Amino acid sequence: MVATGTRKGNPDSHRCDATTRAGAPCRNWAVQGGRCRLHARRDRDEDGGSGERPNTGGPERPQPGQSAVSQPGPGRPGQERSGTERAAPTLTTFTAGATGRRAQHGDSGGNGSGAVDQSHLAAFDRSFGKAGVRGDGGTDDDPRPPGVMDALGDVLGDDLAGHLDGIRAFLRRRLSGDYEVDEFGLDPDLVRNVMLPLMAPLYDTWWRVVSEGRDNVPMESGGLLVSNHAGTLPFDGLMLAYDVHEATGRFLRELGANLVFTTPFVGHLARKSGSVRASREDADAVLSRGELAGVFPEGFKGLGKPFSQRYHLERFGRGGFVATALRARVPIVPVAIVGSEEIYPMLFDARTIARALGLPYFPIVAQMLALPLLGPLSLLPLPTKWSITYGKPIETAHLPEGAAEDPMVVFALADRVRDTIQDMLTRQVMGRRSVFF
Amino acid sequence: MVARFARRMAARDDVSLVVGVDTKAPARLSGMQFLRADLDNPLVGTTLVDERIDTLVHAGVVAQPRVVGGRGHLKEHNVIGSMHLLAAVQHAPALRTLVLKSSTAVYGSSARDPALFTEDHGLDRRSSGFSRDMVDVEGYAVGAARRRSDLDVTVLRFANFIGGVDDAALAGFFQLPVMPSVLGWDPRLQFCHAEDAIAVLTRAVTRPVAGTFNVAGPGVLYLSQAIRRAGRGHMTVPDPLVNGAGRLLLRTGRVDAPVDQVPFLRFGRVVDVSRLVEVFGHAPRWSTPEAFAAFLEGRVRQGPTGTNVAALGSRVLQWLRRPAA
């Protein structure tokens, strides 16, 4: 057992503080609070950071008499995490005035084994048992069996009527055209009520995105978010836009390739979510209006990267994004998205088919090997664990007036941004627990 | 609309003479003089000189083929006529101001358009048809300005007119019982209310500012949104059939627009009017949604609209719920 004290002043201080189960110091890179994700500090069982093993004994280990449901071990993946992850929904959170899972387990942690079982089952009965109503005190004086409306109420929560009214109002607004769009074509009503809720399950459950450094995203003024691009299909663009909206309530104007806007269906949907063409004029127009713009300088080369090249940044084009930020004098926020590389691991690029279809690449991805077994299901993206990290903004307002036309300044700044993002990526990848968790 | 503008000009005190030139006389003259001639008639040039005209407003370029007697005559009317007129400008020594009513069609419509066209954006010289004609006419106007340094030329690029006019191409489109759109595309549309157009023309004459200006209501409507606000039927036409369907529609005569404007239904066109507001000094009174609403109030109602159907539905429900007698 090695205490933390011996690790201070160590040149390897970017490595995780903790020790593994075998007693050796953990060699993962530290990504947060001096710990890697495997040993990340958890709110519930803070032990002061001394050489804590993930499965120490004591009160946390489930007692033989207790039911397994009431007491998750601290080593279970996906449990309480520091950072901005939301707790996974449980049965109890669906009911009104839900007792949080933490409080419940806090309770059971303190009581003896007999009391623990009953309190948990009582809560279960209240919400789903004989009463059949939405867990609000659970009296037994309403003996009728739960009906469809009660079940709907349980799923949707207290405000079922309000919810249905909201849907009705939304449909009425959309069918009568009674909504506003901005001059670039952004449709906030559609984004908030349709697109973001559709992306929420992907964000929360499929890819379980963890977001760090949200303070670095400008809240009021313009900014240029520069990110790595990967994954064959641009899901990282969607997740980044979702995350920015979660963090700031603002809509990210992503700069999309020409291909997006020349494709039917995708083109107008992209515009309605706020995207504009990745051209000098449009980027200038967006930034000069104080909006947040998002750019993926790797472009199709980044998307169509072979799996062996994952997390190695491609060349950042000609640095046009830097010139755009310089002209508009807005800060550049580097963003590293980890997890997007492995959703569609590209084994092979069928270039002849791509040329024939006019596409930039035609990927043969690992999931396709399961096509004969799973059919179309095999084309789903893999449920890797994502993290989006925002780095410190690089200011441009202090640079002289003509800096955007000075190639030296532009190249230097582009290299700096690229190095920053590569560094953030490496750090996050080395510190992560695994690809899927 | 131009006739209305001319009448209002004639009614002003600071305008001594208004001469309208056209092949067809307007319904009411009320104070203005009228010269019935083609633009290539030398009489136009002599009128310019004899009456010592100091302001020429060339608003005779039209987008509707039927107004000039068919598609074949559209180019001749627009381009050749303008050429002659602007050549006559050379020899009118008293002329100080030239105002050209142009169109945002000069920017063209394609998938690679910028989100907002500014006046400095290159014009669409590749296409043929109405857009190209307008580009040529603007070229002649610029040429006239180059040859006469004492002449102030104001080029006003107007977006599609709606509201306050009944003869505009898009107005005809939105009066159809079933409006077509292209499957998979939803263009952004921008309109200019006719009264705003007249106000801008008036200001260009009374307080001229040289230069090129986009004129449109700020704000944007998607085509799907406009069709829903119009409350009528909506038909989506698959991509390969669009050109044929467009030509068929134009042939029926209910929509009077040049054939080359069909890509407009796919991509739309939005212009930036900040130069109009800041440099020219006129802030449009109607935004695009407001102009469209004004048009909807004024149009002749044919066929069921969403509100009618809803009203009918609630009447039927009421009747069904009536107490059993």
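Just so it is clear, the model here is predicted, and its values are computed rather than measured. The sequence lines fix the lettering, A, B, ..., with proteins before strands; numbering per chain opens at 1.
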Calculate, to the nearest 0.5 Å, the distance between atoms CZ and OG1 belonging to Phe267(B) and Thr262(A) respectively.
8.5 Å

Please report the shortest heavy-atom distance between Phe184(A) and Ala115(B), naming the atom on each side.
CD2-CB, 3.4 Å

Check: Glu281(A) and Asp272(B) side chains under 4.5 Å, non-hydrogen atoms:
no

Using the rule given for side chain to side chain contact (heavy atoms under 4.5 Å, CB included), can you reason through Asp186(B) versus Lys272(A), listing the C-alpha separation, both sets of side-chain angles and the distance that settles it, and then say yes or no?
CA-CA 10 Å; Asp186(B) 199 4; Lys272(A) 284 172 185 169; 2.5 Å; yes

Non-hydrogen atoms of Trp185(B) and Phe261(A) that approach each other most closely
CZ3-O, 3.5 Å

Do you know which of Ala226(B), Ser110(B), Pro187(B), Pro114(B) has the most heavy-atom pairs under 4.5 Å to chain A?
Pro114(B)

Provide the closest heavy-atom pair for Arg229(B) versus Tyr179(A) in the form atom of the first, atom of the second, distance.
NH2-O, 3.0 Å

One option among Leu221(B), Asp113(B), Val220(B) has the most heavy-atom pairs under 4.5 Å with chain A, and it is Val220(B)

Assess whether side chain to side chain contact (heavy atoms under 4.5 Å, CB included) is satisfied between Leu223(B) and His268(A), documenting all intermediate values.
CA-CA 11 Å; Leu223(B) 179 61; His268(A) 74 90; over 6 Å; no

Mind checking the CD-OG spacing from Glu180(A) to Ser287(B)? Nearest 0.5 Å is all I need.
8.0 Å

Arg188(B) vs Val181(A) side-chain heavy atoms within contact, under 4.5 Å
no

Least distance between heavy atoms, Leu183(B) atom then Phe265(A) atom:
CG-CZ, 3.8 Å

Using a 4.5 angstrom heavy-atom cutoff, name the option from Asp178(A), Val276(A), Asn258(A) with the most pairs to chain B.
Asn258(A)

From the list Ala285(A), Ser279(A), Gly267(A), Ser176(A), the residue making the most non-hydrogen contacts under 4.5 Å with chain B is Ser176(A)

Main-chain N/O of Val270(B) paired to Glu183(A) side chain as donor or acceptor, under 3.5 Å
no

Within a 6.0 Å radius of atom CZ on Arg280(A), are there more than 12 heavy atoms belonging to other residues, nucleotides or ligands?
no

